[in-house]
Amino acid sequence: CNYSPLKHNYNISTSKFGDVVPFKLHFNQSIEIAPEIEFIRIRCSEKHRQYFYEDYHFFAINKTTPRTNYFAKNEKNKINKKVTRAKKRENPNDYLHVRDNNVNESAQQLSIMILGIDSVSHLNSLRYMKRTVDYIRRRLNYVEFWGFNKVGDNAYSNLIPLFTGLAADELKLSCMRAKKLHYTECPFIWKRFKEAGYMTSFLEDVARTSLFSMDTIFSHPPTDYYIRPIVMEMENHIGYYYSVSLNLCMGGRRTIDLVLEMIHKLTPFLQKENFFSFFWLASMTHDFIYMPKLLDNDFVNLFERFQETGILNKTIILLTSDQGLRWGSFHRTYQGMMEERQPLLIAIYPSWFKQRYAEAVANLEINAKRLTTVYDVYATFLDILNLHNLQPSNLKARSKELHDFDTIPRGISLFLPVPETRTCENAGIASHWCTCYQRTEMPTNDVRVQEAARYVVKLINEQLKPYPQCRVLYLNSI
């Protein structure tokens, strides 16, 4: 067998593999590789014959201190004869966050974790992720948002506001170059957290259909941990079980396991460092309404691990989605149309957080049944960056200021009381996606009904124009 390290050139969006390093494959025996290598490809063959095995692996290397660049080393020092990766065994108990009474407020910071599942409505999570929802409700401190409304058509238009506080078209105008589409200069929220001393991660289980799926989107990795280069190689070479629009498997693992495995590898760092993390799973749930059921046990195991390792005691976790399912027979029903507009959002917070910031959590609970969006989540991130904003006196002053505004802001921190009078227009939700409207039955002789019916017939006739054998249609009755 042999392995090759991978290096990605972000300027031209290409990857190349380094020198091939041979090693012997022995039963139940591990090998070690150089500790600065992040991505590798492994191949095995019989002598000089065709490869019968190929797989790709990624590692959560320590990026908290400066590390030597593997690819910049002298040829002699590139690799040792031993195929090594030093694995330092760490005691999880060394990194547990200080408990309730020992939190030093002046130095206190909270990690943020966005745990996202693509195309899962709030109600569909209750149908198919019953164990996860039950675990959260019985074991964790949480707020479940029932008025969370999408703001755009797809994942991109719903997640860009989450990361920037801007609509997708506003982002393009504000920071993207005219000819070359680069996001490097855009004001992503992880940059603010990085400036505040946080480690950052951005993990998706897909590459070609990822949130930023264009070729040259970043001139360098956007976050400390970013696995898109290796995921792209896996999609190109070992992805299979293609279903509708995505590969459900990568080699010997499910595609979703790419992110779940990396979370597991990041656990020692999530325990001891302040982190802004974005973990997004799309492959399993993007196309089928019942597929969240296959994630249920994985998420229970994930939350159990977060509790055991103390990560939940230092992190606010947002279990969320971008929208409900966007196509299929269910989507064509009225219920499906409504659920598409109401994605999942559950905020999970440490127990000490409610004790220390009781008023902020009380507002969070009030907002559970108010009209909210990703613009509000972005504003909430800004408050978490500066927890001094959550002091009762500051919350009171900001709430009064919010009440005195002539117009309600588009983005309001969820630690402030969102006004009951808020409308979709105030919240930046286009009328097409608004779930606040009530359906009313109208008589068929109503002028608006007549106009709508004539308009539909007109559209049908326009579609029939290329076909001379078809007669022109006229509205007869409604």
Note to self: For Phe276 and Phe202, I'd like to know if the aromatic rings sit close, meaning centre-to-centre distance below 6.0 Å.
What the structure shows: no

Item checked: Closest approach of Leu473 to Val457 (non-hydrogen atoms, all atoms of both residues) -> O-CG1, 3.6 Å

Note to self: Do the side chains of Arg137 and Glu144 get close enough for a salt bridge, i.e. N-O under 4.0 angstrom?
What the structure shows: yes

Check: How about Phe278 and Trp190: are their ring centres within less than 6.0 Å of each other?
Finding: no

Checklist line | N-O pairing of Glu339 and Arg332 below 4.0 Å | finding: no

Next item on the list: Flag the pair Asn124 / Ile289 as yes when at least one side-chain heavy-atom distance between them is below 4.5 Å, and no otherwise.
Entry: yes

Next item on the list: Of all the heavy-atom pairs spanning Ala453 and Ile478, show the shortest one and how long it is.
Entry: CB-CD1, 3.5 Å

Note to self: Contact between Phe279 and Leu302 at the side-chain level, heavy atoms closer than 4.5 Å - yes or no?
What the structure shows: no

Item checked: Rounded distance [0.5 Å steps], CD1 in Ile136 versus CG in Asn141 -> 11.5 Å

Item checked: Heavy atoms from other residues, nucleotides or ligands near CZ of Phe52 exceed 12 (cutoff 6.0 Å) -> yes

Notebook entry, point to check: Does the Ser321 side chain pair with the main chain of Ser119, one donor and one acceptor, at a distance under 3.5 Å?
Noted result: yes

Item checked: Neighbour count >12 (heavy atoms, 6.0 Å) for atom NZ, Lys265 -> yes

Checklist line | Donor-acceptor pair, side chain of Gln342 and main chain of Lys150, under 3.5 angstrom | finding: no

Next item on the list: Please step through side chain to side chain contact (heavy atoms under 4.5 Å, CB included) for the pair Val231 and Val206, ending with a clear verdict.
Entry: CA-CA 7 Å; Val231 175; Val206 293; 5.6 Å; no

Next item on the list: Would you mind reporting whether Ser245 and Asp287 have side-chain heavy atoms less than 4.5 Å apart?
Entry: yes

Note to self: To check you understand the geometry: which heavy-atom pair defines the closest contact between Tyr357 and Gln391, and what is its length?
What the structure shows: CE2-NE2, 3.9 Å

Check: Within the side chain of Thr132, is there an N or O that forms a donor-acceptor pair under 3.5 Å with the backbone of Phe299?
Finding: no

Notebook entry, point to check: Any side-chain heavy-atom pair from Met129 and Leu344 closer than 4.5 angstrom?
Noted result: no

Checklist line | Cys175 and Cys186 SG atoms under 2.5 angstrom apart | finding: yes

Check: Which of these, Gln323, His331, Arg326, sits in a side-chain hydrogen bond (donor to acceptor under 3.5 Å, both in side chains) with Glu340?
Finding: His331

Check: Mind checking whether Asp118 and Trp280 have side chains closer than 4.5 Å, heavy atoms only?
Finding: yes

Next item on the list: Check the surroundings of atom OH in Tyr241: do more than 12 heavy atoms from other residues, nucleotides or ligands lie under 6.0 Å from it?
Entry: no

Check: Does Cys249 have any disulfide bond (SG atoms under 2.5 Å apart) partners at least two apart in sequence or in another chain, and if so, which?
Finding: none

Next item on the list: Go through the side-chain N and O atoms of Thr200 and Lys194 and say whether any donor and acceptor fall under 3.5 Å apart.
Entry: no

Next item on the list: Look at the side chain of Asn149 and the backbone N and O of Trp433, then say whether any donor-acceptor pair between them is shorter than 3.5 Å.
Entry: yes

Next item on the list: Of all the heavy-atom pairs spanning Pro187 and Leu171, show the shortest one and how long it is.
Entry: CD-CD1, 4.1 Å

Checklist line | ring-ring contact (aromatic ring centres under 6.0 Å, His included): pairs with one or both residues in residues 109-133, sequence neighbours excluded | finding: His122-Trp146

Margin query: Under the criterion side chain to side chain contact (heavy atoms under 4.5 Å, CB included), I'd like the reasoning laid out for Glu420 against Arg370: C-alpha separation, chi angles, the key distance, then a yes or no.
Written below: CA-CA 6 Å; Glu420 286 184 280; Arg370 301 275 170 91; 3.1 Å; yes

Notebook entry, point to check: Can the positive tip of Lys354 be found less than 6.0 Å from the middle of the six-membered ring of Tyr349, inside 45° of the ring normal?
Noted result: no

Checklist line | Heavy-atom side-chain proximity of Thr407 to Phe405 below 4.5 angstrom | finding: no

Next item on the list: Keeping the roles fixed (side chain from Asp296, backbone from Arg131), state whether a donor-acceptor pair exists under 3.5 Å.
Entry: yes

Note to self: Run Asp205 and Met284 through side chain to side chain contact (heavy atoms under 4.5 Å, CB included) and show every step you take.
What the structure shows: CA-CA 10 Å; Asp205 62 345; Met284 190 72 78; 6.0 Å; no

Check: Do other residues, nucleotides or ligands put more than 12 heavy atoms under 6.0 Å from Gln50 CD?
Finding: no

Note to self: Treating Ser111 as the side-chain partner and Thr315 as the backbone partner, does any N or O pair qualify as donor plus acceptor under 3.5 Å?
What the structure shows: no

Next item on the list: Decide, yes or no, whether a salt bridge links Arg228 with Glu204 under the criterion of side-chain N to carboxylate O below 4.0 Å.
Entry: no

Check: Would a distance-only check, ignoring hydrogens and angles, find a side-chain to backbone donor-acceptor pair under 3.5 Å from Arg127 to Lys293?
Finding: no

Contacts table for residues 374-384: side-chain donor-acceptor under 3.5 angstrom, sequence neighbours left out:
from: Asp376; atom 1: OD1; to: Ile412; atom 2: N; distance (Å): 2.8
from: Asp376; atom 1: OD1; to: Arg422; atom 2: NH1; distance (Å): 3.4
from: Asp376; atom 1: OD1; to: Arg422; atom 2: NH2; distance (Å): 2.8
from: Asp376; atom 1: OD2; to: Thr373; atom 2: N; distance (Å): 2.9
from: Asp376; atom 1: OD2; to: Arg422; atom 2: NH1; distance (Å): 2.8
from: Thr380; atom 1: OG1; to: Asp376; atom 2: O; distance (Å): 2.7
from: Thr380; atom 1: OG1; to: Leu414; atom 2: N; distance (Å): 2.9
from: Asp383; atom 1: OD1; to: Asn389; atom 2: ND2; distance (Å): 3.1
from: Asp383; atom 1: OD1; to: Arg398; atom 2: NH1; distance (Å): 3.2
from: Asp383; atom 1: OD1; to: Arg398; atom 2: NH2; distance (Å): 3.1
from: Asp383; atom 1: OD2; to: Arg398; atom 2: NH1; distance (Å): 3.3
from: Asp383; atom 1: OD2; to: Arg398; atom 2: NH2; distance (Å): 3.1
from: Asp383; atom 1: OD2; to: Ser413; atom 2: OG; distance (Å): 2.6

Item checked: Main-chain N/O of His432 paired with Tyr437 side-chain donor or acceptor, under 3.5 Å -> no

Note to self: Can you confirm whether more than 12 heavy atoms, excluding those of Glu425, are under 6.0 Å from its CD atom?
What the structure shows: no

Check: Ignoring hydrogens and geometry, is there a side-chain-to-backbone donor-acceptor pair from Glu233 to Ile230 under 3.5 Å?
Finding: no

Item checked: Any residue meeting side-chain hydrogen bond (donor to acceptor under 3.5 Å, both in side chains) with Thr223, in chain and number order, not counting sequence neighbours -> none

Margin query: Just so I know, are the side chains of Thr164 and Phe188 near enough to count as touching, which here means a heavy-atom distance under 4.5 Å?
Written below: yes

Notebook entry, point to check: For the atom pair CD (Gln469) and CG (Leu464), what is the distance rounded to the nearest 0.5 Å?
Noted result: 9.0 Å

Notebook entry, point to check: With distance as the sole criterion, is a donor-acceptor pair present between the side chains of Tyr455 and Gln450 under 3.5 Å?
Noted result: no

Next item on the list: For the residue pair Phe17 and Tyr56, categorise the inter-ring angle as parallel (less than 30°), tilted (30 to 60°) or perpendicular (more than 60°).
Entry: tilted

Note to self: Could you tell me if the side chain of Thr267 sits less than 4.5 Å from the side chain of Arg305, heavy atoms only?
What the structure shows: yes

Note to self: The criterion is salt bridge (Lys or Arg N to Asp or Glu O under 4.0 Å); which residues satisfy it with Lys369, sequence neighbours excluded?
What the structure shows: none

Check: Going by the salt bridge (charged side-chain N to carboxylate O under 4.0 Å, His left out) test, which pairs reach into residues 235-258, not counting sequence neighbours?
Finding: Asp55-Arg253, Arg208-Glu235, Arg253-Glu261, Arg254-Asp257, Arg254-Asp298

Margin query: Apply side chain to side chain contact (heavy atoms under 4.5 Å, CB included) to residues Met234 and Leu258 and explain how you reach the verdict.
Written below: CA-CA 10 Å; Met234 296 172 82; Leu258 302 181; 3.4 Å; yes

Check: Backbone N or O of Lys130 within a donor-acceptor pair of the Asp134 side chain at under 3.5 Å?
Finding: no

Check: Under 6.0 Å between ring centres, would you say that holds for Phe353 and Phe415?
Finding: yes

